[in-house]
Amino acid sequence: MPELPEVETIARALAPGLIGRVVTGVAVPDVKVLAGPQTRAAFERAIAGREITDISRRAKLLLVHLAPRPEVQDDEDAVLAFHLKMTGRFHIAPTAEAIPVHARLLLRLTDGNALIFSDVRRFGTARLLSPQGLTAWDFYAALGPEPWDMTPHAFEAALAKRTTRIKAALLDQTVIAGIGNIYADESLFAARIRPDAPATSLSPGQRHTLLTSIQAVIERAIAAGGSTIRDYRTPDGVEGGFQHQFAVYGKAGEPCPACGQPLVAIKVAGRTSTFCPRCQK
DNA sequence: CATGCGTCCTGCTTGC
DNA sequence: TGCAAGCAGGACGCAT
């Protein structure tokens, strides 16, 4: 579900309600959510009592930064890294309220609220790491640049050595971080490039246009608060607005917004990919 | 080494 | 209406 714009929207919405609060208690109703090395008990012990100092995002990861506890000897900084995968959601609710059916992890806070991570499909993960552990984590270390940090030169270099179709390259988080199925399709349409075009077949001009398109689409999506297909909500329960601006995602059979020809869906890299066979080459 | 496909889960939608 | 197959925003493990 949540790609870069959704996680960015969530991080911004969560920050004011979390930064400066202290975690008074931890509950893990579904131990499958824990992806780190700790047992459930060790995980709970390692977080309780810490102050939340910051909320940030890298690629599709939401990062909760936790301070050392003064009362714990040699305590170190910690980072709780959430991956929402397809259906992960956050909200903040009074601790006294009923726990949602699909709640996987709860952090109770000093202000009487709790941060609740819910996830219907149970793909989402939470992993507690030291700051050094985070950067040493293979997945994290291999992430490509954020879209706005990607230079045309680096993008071209990354694509030039790929023998895959262009969409598979965009979905590869080691090439560029944060793009998923929605924003891959939307960016490729904006750049007028077919999702199944071999990455090596793109001209330098097409690669440049594609990077510019990615940056523009991601920016517009963040401005709209992300895209709600089904599950995604901000922590306040509000839907995103970018789904109303989709040109092609999920619109197979509908007319191309540019030429009116019916949009077509094919499978690329195992993912449904919608595009205009007339506009995209 | 790089690439592609099945898999992990659950619930909603579609078609018979 | 009922039921089963198909499909979904992601990324990992394994086979090729």
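Proteins get letters first, then strands, A, B, ... in listed order; numbering begins at 1 in each.
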Using the C1' atom as the reference point in each nucleotide, state the distance between C:dG9 and B:dT3 in Å, no decimals.
-> 23 Å
Report, as yes or no, whether the 6.0 Å neighbourhood of atom CD on A:Q73 holds more than 12 heavy atoms from other residues, nucleotides or ligands.
-> no
Starting from P on C:dG10, measure out to NZ on A:K267 and report it in whole angstrom.
-> 13 Å
Give one of base, sugar-phosphate or nothing for A:R162, where a contact means two heavy atoms less than 4.0 Å apart.
-> sugar-phosphate
Closest nucleotide among B:dC12, B:dC8, C:dA11 to the A:R230 side chain | B:dC12
Atom-to-atom span, CZ of A:F82 to C1' of C:dG9 - whole angstrom | 18 Å
Taking the side chain of A:V120 as its heavy atoms from C-beta onward, which of B:dC9, B:dG11, C:dG9 lies nearest to it?
-> B:dG11
Please check the phosphate of C:dG10 (OP1 and OP2 only) for any side-chain N or O of A:Q173 closer than 4.0 Å.
-> no
Applying the 4.5 Å side-chain criterion to the ILVMFWY set and letting contacts propagate, would A:F82 and A:V33 be lumped into a single cluster?
-> yes
Given the P atoms of B:dT7 and C:dA5, what is the spacing between them in whole Å?
-> 16 Å
What interatomic distance, in whole Å, is found between P of C:dT1 and the corresponding atom of B:dG11?
-> 23 Å
Nucleotide nearest A:R122 when distance is taken to its side chain, options B:dG4, B:dT10, C:dG9 | B:dT10
Side-chain atoms of A:H102 come closest, of B:dG11, B:dG4, C:dG9, to B:dG11
Let me know the distance between CD1 of A:I229 and P of C:dG9, rounded to the nearest Å.
-> 8 Å
Base, sugar-phosphate, or nothing: which does A:G180 touch, judged by heavy atoms less than 4.0 Å apart?
-> sugar-phosphate
Looking at the side chain of A:T164, which of C:dG9, C:dA11, B:dG4 is the nearest nucleotide?
-> B:dG4
Rounded to whole angstroms, how far apart are NZ on A:K161 and P on B:dT3?
-> 10 Å
Side chains of A:T174 and A:D172: donor-acceptor distance under 3.5 Å anywhere?
-> yes
Spacing of A:M86 atom CE relative to B:dC8 atom C1', expressed in whole Å = 11 Å
Heavy atoms of A:I179 and A:Y183 approach each other most closely as CG2-C, 4.0 Å
Within the pair A:T163 and B:dT3, is there a side-chain N or O less than 4.0 Å away from OP1 or OP2?
-> yes
Paired with B:dC9: which nucleotide, if any, by Watson-Crick or G-U wobble criteria at under 3.5 Å for both distances?
-> none
For the side chain of A:I182, starting at C-beta, report the closest nucleotide among C:dG9, B:dT3, C:dA11.
-> C:dG9
Identify whether A:F117 and A:V79 are in the same connected component of the hydrophobic contact network (ILVMFWY, side-chain heavy atoms under 4.5 Å).
-> no
A:K60 side-chain N/O to C:dG9 phosphate OP1/OP2 under 4.0 Å = no
Can you tell which of C:dG10, C:dG9, B:dT10 lies closest to the side chain of A:F123?
-> C:dG10
At under 4.0 Å between heavy atoms, what does A:Y183 touch on the DNA or RNA strands: base, sugar-phosphate, or nothing?
-> nothing
With heavy atoms under 4.0 Å as the rule, sort A:T272 into base, sugar-phosphate or nothing.
-> sugar-phosphate
Is a donor-acceptor contact shorter than 3.5 angstrom present between the side chain of A:R121 and the base of B:dC9?
-> yes
Given atom CZ of A:R89 and atom C1' of B:dG11, what is their separation to the nearest angstrom?
-> 14 Å
Ring-face cation of A:R230 near A:Y232 (centre distance under 6.0 Å, axis angle within 45°) | no
Whole-Å distance between C:dA8 P and A:E6 CD?
-> 17 Å
Any-strand Watson-Crick or G-U partner of C:dG9, both distances under 3.5 Å | none
Write down the distance between CG (A:L171) and P (C:dA11), rounded to a whole number of angstrom.
-> 9 Å
Give a yes-or-no answer on whether the side chains of A:K251 and A:T274 include a donor-acceptor pair shorter than 3.5 Å.
-> no
Should A:K85 be listed as having a side-chain N or O under 4.0 Å from OP1 or OP2 of C:dA8?
-> no
